[in-house]
Amino acid sequence: MPELAEVEYYRRQWNSGLGEKILRVELHPKVRIFRGAKPKKILSSLKGSTFKNSFANGKQMLFVFSPHCWLGVHLGMTGSLRIEAVDFLPKKHDHLVLFQKKTALVFSDPRLFGRIRFDFSKEEPAWWKALPPSLLSKDFTASKLGAIGDRFRRTPLKALLLRQDLFPGIGNWMADEILWRSRLHPSKKGGDLSPSEVRTLHRETRFVCSQALRIIGKNWGDLPPHWLFNHRWKKGGVCPQTGVELKRETIAGRTTCWSPAWQKLS
DNA sequence: ACCCCTGTTCGGCG
DNA sequence: CCGCCGAACAGGGG
């Protein structure tokens, strides 16, 4: 179910295994999840390697094993990472388990929407290097956002925010949260943003990312009560700003929640 | 039974 | 070329 904050939370779940060797690897017999990566190669390479480091960028994760092993993880909609005791017996949806001395590192995904990549190389894998810079980095500027609006003049903001090449790590609830804070209607087009709206959207994108990372990324804490997130699924839920009932409709193929009196279309 | 779902990719259509 | 839509992937929860 993860967007960038949840991805960061899951990445940290494996931290207790840092610096430890992989003694045994178990793969689920159904290996569709490893499209592109050869299960046998994963097995033989990771066994005996040491878990050295990990990174998250948007919804992508990269786990580093020495020597020269890189495990890429994308959780899709239903993937998760956790740790278990070493006597743990993998269940139906546990597709990859790395057993260490004191810990088992588990990747689980009931619906197999996630994706595991494996690279064996000295340098970090090309797909990782090609990822767009984080929305919290200096590279993501208001003028860059303005250029996105100009380039995709006819595309609804909701559809733009869901594009991982433009807004890495943003998913359905974060997109709605950002638009709500920016007072922009999800159907408003990229080309209809005024300069001040671009600045607002830029500011709120970074705000939602940084707060979600701080609150969810560390301990999966609760977001503040006034966030749209806490109202969007409630039946008869109202906008925390206006008290008016929230609307729900499919926009850009996803259920979208917004506050009609609050978010402006033009 | 039926509907929903924090993701992504693909093919088809206008 | 653009943008939108539904389907597919496949399972669980309300």
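Here is the naming used below: chain letters follow the sequence lines, and residue numbers restart at 1 for every chain. Treat the numbers as computed from the prediction; the structure is a model and nothing was measured.
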Counting only N and O atoms by type, is there a donor-acceptor contact under 3.5 Å from the side chain of A:Q13 to the main-chain atoms of A:L81?
no
Taking the cut-offs as 6.0 angstrom to the six-membered ring centre and 45 degrees off its axis, would you call A:K41 and A:F118 a cation-pi pair?
no
I want to verify a distance call: between B:dC5, B:dG7, B:dT8, whose nearest atom is closest to the A:W233 side chain?
B:dC5
So, A:S121 side chain and A:E123 main chain: donor-acceptor pair closer than 3.5 Å or not?
yes
C1' spacing across the pair B:dT6 / C:dG3, given as an integer number of angstrom
24 Å
A:W127 ring centre to A:R117 NZ or CZ under 6.0 Å, with the angle to the axis within 45°?
yes
Can you tell me, in whole Å, how much space there is between the P of C:dC5 and that of B:dC4?
16 Å
With a 3.5 Å distance limit and no angle check, can you tell me whether A:N172 reaches the backbone of A:T255 through a side-chain donor-acceptor pair?
yes
Restricting both atoms to N or O, compile the protein contacts to nucleotides 1-4 of chain C shorter than 3.5 Å, with distance only.
residue, atom, partner, partner atom, Å
C:dG3, OP1, A:T155, OG1, 3.1

What is the distance, rounded to the nearest whole Å, between atom CD of A:E8 and atom C1' of B:dT6?
16 Å
Could you tell me the separation between the CG atom of A:L112 and the P atom of B:dT8, rounded to a whole number of Å?
16 Å
Could you state the interatomic distance from OG1 (A:T256) to CG (A:L157), rounded to the nearest 0.5 Å?
11.5 Å
Nearest to side-chain heavy atoms of A:R248, which nucleotide of C:dC9, C:dG11, B:dC4:
B:dC4
Pair A:H74 and A:F113, ring centroids less than 6.0 Å apart
no
I need the CG-P distance between A:L75 and B:dC5, as an integer number of Å.
20 Å
Stacking between C:dC9 and A:F113, yes or no? Criterion: centroid separation under 5.5 angstrom, plane angle under 30 degrees.
yes
Looking only at atom C1', what distance separates B:dA1 and C:dA8, rounded to whole Å?
22 Å
When the ring centroid of A:W14 is compared with that of A:F63, is the distance short of 6.0 Å?
yes
Can you tell me the distance, in whole Å, between the CG atom of A:N230 and the P atom of B:dT6?
16 Å
Please report, rounded to the nearest Å, how far the P atom of C:dG12 is from the NZ atom of A:K91.
13 Å
Let's go through A:Y10 and A:W220 carefully: what are the C-alpha distance in whole Å and the side-chain angles of both, what is the deciding distance for ring pair (Phe, Tyr, Trp, His ring centres under 6.0 Å) to 0.1 Å, and is it a yes or a no?
CA-CA 10 Å; A:Y10 283 125; A:W220 209 305; 5.7 Å; yes
When you measure from the side chain of A:K101 to the backbone of A:V86, do you find a donor-acceptor pair of N or O atoms at a distance under 3.5 Å?
no
Whole-Å gap separating C1' (B:dC5) and CG (A:D176):
14 Å
For a quick test of reading the model: is some side-chain N or O of A:R254 closer than 4.0 Å to OP1 or OP2 of B:dG7?
yes
Value in whole Å for how far the C1' atom of C:dC5 lies from CG of A:L162:
15 Å
Taking OP1 and OP2 of B:dT8, is either one under 4.0 Å from a side-chain nitrogen or oxygen of A:H74?
yes
Take the protein atom CE of A:M77 and the nucleotide atom P of B:dT8, then report the distance between them rounded to whole Å.
10 Å
Base-pair map of DNA chain B as dot-bracket, where | denotes pairing with a different strand and pairs are Watson-Crick or G-U under 3.5 Å
.||||.||||||||
Strictly below 4.0 Å: does A:Q164 bring a side-chain N or O up to OP1 or OP2 of B:dT8?
yes
